[in-house]
Amino acid sequence: MVLDYKTLGKRIQFYRKQMHVTQEQMAEQLDLSLSFISQIERGVAKMSLDTFVDICDFIDCSASDLIEQSTIPNEDQTLEFYDLYQKLPRRDQKLFYYMLKAYKEHL
């Protein structure tokens, strides 16, 4: 599995917003720059493990809450997923596609 930093950033942003905290407030509390918080949430910057743990503590969620939903399946899982998709009737493929797209936009 490979970590999808864009999805990870969106998950961090989601939890931060649930707390009604701005990026600036989060940056100040964690002694990080506003720019760095923005880059993390956009998935363009990687963070140290210490920063990741600090963010998890700040937004009151576990590391697994963020990582489990921010990983890219390996090649075997991708092929299995594709095989399952191909076995669906055409109308169900369309429905599945739109459901998956809506789910991704929700993250």
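It should be emphasised that the depicted structure is a prediction, and the values quoted were computed from it without experimental measurement. Index from 1, following the sequence.
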State, to 0.1 Å, how close [X] and [Y] come at their nearest heavy-atom pair, and which atoms those are.
{"X": "Gln23", "Y": "Leu34", "answer": "CB-CD1, 3.4 Å"}
{"X": "Ala45", "Y": "Tyr5", "answer": "O-CD2, 4.5 Å"}
{"X": "Ala63", "Y": "Cys56", "answer": "CA-SG, 3.7 Å"}

Side chain [X], main chain [Y], donor-acceptor under 3.5 Å:
{"X": "Arg11", "Y": "Leu66", "result": "no"}
{"X": "Gln93", "Y": "Tyr85", "result": "yes"}
{"X": "Glu105", "Y": "Ala102", "result": "no"}

When hydrophobic residues are tied together by side-chain contacts of less than 4.5 Å, even through go-betweens, does Tyr97 share a cluster with Leu88? no

Would Val53 and Phe36 show up in the same hydrophobic cluster when neighbours are defined by side-chain heavy atoms closer than 4.5 Å? yes

I need the [X] [atom1] to [Y] [atom2] distance, nearest 0.5 Å.
{"X": "Met99", "Y": "Lys94", "atom1": "CE", "atom2": "NZ", "value": "16.0 Å"}
{"X": "Lys46", "Y": "Leu8", "atom1": "NZ", "atom2": "CG", "value": "11.5 Å"}
{"X": "Leu30", "Y": "Ser33", "atom1": "CG", "atom2": "OG", "value": "11.0 Å"}
{"X": "Leu32", "Y": "Phe58", "atom1": "CG", "atom2": "CZ", "value": "10.5 Å"}
{"X": "Glu28", "Y": "Ile37", "atom1": "CD", "atom2": "CD1", "value": "11.5 Å"}
{"X": "Thr51", "Y": "Asp31", "atom1": "OG1", "atom2": "CG", "value": "10.0 Å"}

Given Arg16, Lys10, Lys17, Lys6, the one that forms side-chain hydrogen bond (donor to acceptor under 3.5 Å, both in side chains) with Glu41: Arg16

Does some side-chain heavy atom of Ile40 sit less than 4.5 Å from a side-chain heavy atom of Ile55? yes

Can you list the steps and then say if Ser38 with Ser35 is a side chain to side chain donor-acceptor pair (under 3.5 Å)? CA-CA 5 Å; Ser38 174; Ser35 172; over 6 Å; no

Taking atom types as modelled, is there a side-chain donor on Asp65 or Ser62 under 3.5 Å from an acceptor on the other? yes

Test side-chain contact (heavy atoms from CB on, under 4.5 Å) applied to Phe14 and Ile59, step by step: CA-CA 9 Å; Phe14 171 80; Ile59 60 177; over 6 Å; no

